[in-house]
Amino acid sequence: IIIYEINRAKGRHKLFRSILLPQPPQSLDILGDGRLAVGFQSAFTIYSILGDQHPLSLVHPDSQSLGFLSMTQCEALSCIEVTRGEYLLVFNLLAVYVDASGRKSREKELMYPAIPTAVAVCDGLLLVYSDIHIDVFEVLSGDWVQTINLKRTKPLMHTGILNMVMISDLPHVAYLRNLHKEEIVRTGLDSNGRPKSRRKFSLRENSKATRTRLRQLESRMLQLVQPLPASLARQLSTTSNP
């Protein structure tokens, strides 16, 4: 893994550090406090971006309750930090809760009704995509919340807010919103799907930047619209009269 630092220098970035991995990675998640969760086959490891801590394995090799992971060769999809010291490891067959020592912290496991093709995490919810629908689970409790009947859907963002879905063999963009949270994409619809106004689809912008652009545009328009000189106005008036 090669990590770059984005800055204001001429090149706009510079090499920060690189992390040597023991095997090809399958997933990558950025956690809090400068930590990086890398998923491998049947395993997850947390690395420090700053390099000030040793790698932390989230699947203990001596854990009997997690021994089935290495035997089934699970594909790693995502690592979610539930609380401080507890993680939800999402594989293609199931999802398990573990502690910082790499042992199971709960007996409860998340089982999927269909084979997942992708996952996303948004507002404490885990979205599991498959070819026939999207299953939504609550990360903190591990309970199933709902099933969204959208076939062949793929997330376009890590949060799953914007998605690509195939309808009648044509690609469409689907916007998934938590009704209990403020919407990020302004669609002009209320919580029941009814239009609020006749405004078209728009993305949220910084209001201060918008006002600045409007003032600049208004200033340009005022500069273009200037009164005619008196001599030219009298000449045009004389020419227009018979």
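Residues take their numbers from the sequence shown, with the count starting at 1. Every value quoted in this text rests on a predicted model; they were computed, and no experiment measured them.
Of all the heavy atoms in Ala9 and Asn7, the pair that sits closest is N-OD1, 3.2 Å. The two atoms that bring Tyr47 and Pro22 nearest to each other are OH-CD, 3.6 Å, heavy atoms only. Scanning both residues, Cys122 and Thr159, for their nearest heavy atoms gives CB-O, 3.1 Å. Listed here is the closest heavy atom pair of Leu150 and Ala174: CD1-CB, 4.3 Å. Ala118 approaches Pro155 most closely through the heavy-atom pair CB-CD, 3.8 Å. Looking at every heavy atom in both residues, Ala114 comes nearest to Ile132 through CB-CD1, 4.0 Å.
At a cut-off of 3.5 Å, with distance as the only test, no side-chain donor of Asp135 or Tyr129 sits close to an acceptor on the other residue.
Side-chain atoms of Ser130 come within 3.5 Å of backbone N or O of His133 as a donor-acceptor pair. Although no hydrogens or angles enter the test, the distance criterion places a donor-acceptor pair under 3.5 Å between the side chain of Asp29 and the main chain of Cys79. In this structure, the side chain of Gln26 engages the main chain of Ala76 through a donor-acceptor pair within 3.5 Å. At least one donor-acceptor pair closer than 3.5 Å links the side chain of His172 to the backbone N or O of Leu170. In terms of modelled atom types and a separation under 3.5 Å, the side chain of Tyr97 and the main chain of Val82 share no donor-acceptor contact.
Side-chain contact between Phe44 and Ser27 is present, with heavy atoms from C-beta onward closer than 4.5 Å. Put simply, the side chain of Leu110 reaches to within 4.5 Å of the side chain of Leu126, judged on heavy atoms.
In Ile30, the CD1 atom is not crowded: 12 or fewer heavy atoms of neighbouring residues, nucleotides or ligands sit closer than 6.0 Å.
A salt bridge is defined here as a Lys NZ or Arg NE, NH1 or NH2 lying under 4.0 Å from an Asp or Glu carboxylate O, and Asp131 with Lys154 fails to meet this definition. Between Asp123 and Arg177 no salt bridge is recorded (no basic side-chain N to carboxylate O distance below 4.0 Å).
Outside the 6.0 Å centre-distance limit, the rings of Phe91 and Tyr112 are not counted as a close aromatic pair.
Residues Val136 and Val139 are members of separate hydrophobic clusters, defined by side-chain heavy-atom contacts under 4.5 angstrom among Ile, Leu, Val, Met, Phe, Trp and Tyr. Residue Leu93 is not grouped with residue Ile115 when hydrophobic side chains (ILVMFWY) are merged at heavy-atom distances under 4.5 angstrom, including chains of intermediate members. Linking Ile, Leu, Val, Met, Phe, Trp and Tyr residues whenever their side-chain heavy atoms come within less than 4.5 Å leaves Tyr4 and Val38 in two separate clusters.
Qualifying salt bridge (charged side-chain N to carboxylate O under 4.0 Å, His left out) partners for Glu109, counting only residues two or more places apart in sequence or in other chains: Lys104.
A side-chain hydrogen bond (donor to acceptor under 3.5 Å, both in side chains) check over residues 32-43, counting only residues at least two apart or in different chains, returns the pairs Asp33-Arg84, Arg35-Glu81, Arg35-Tyr87.
Cluster note: Met166 groups with no other residue, as no ILVMFWY side-chain heavy atom lies under 4.5 Å from it.
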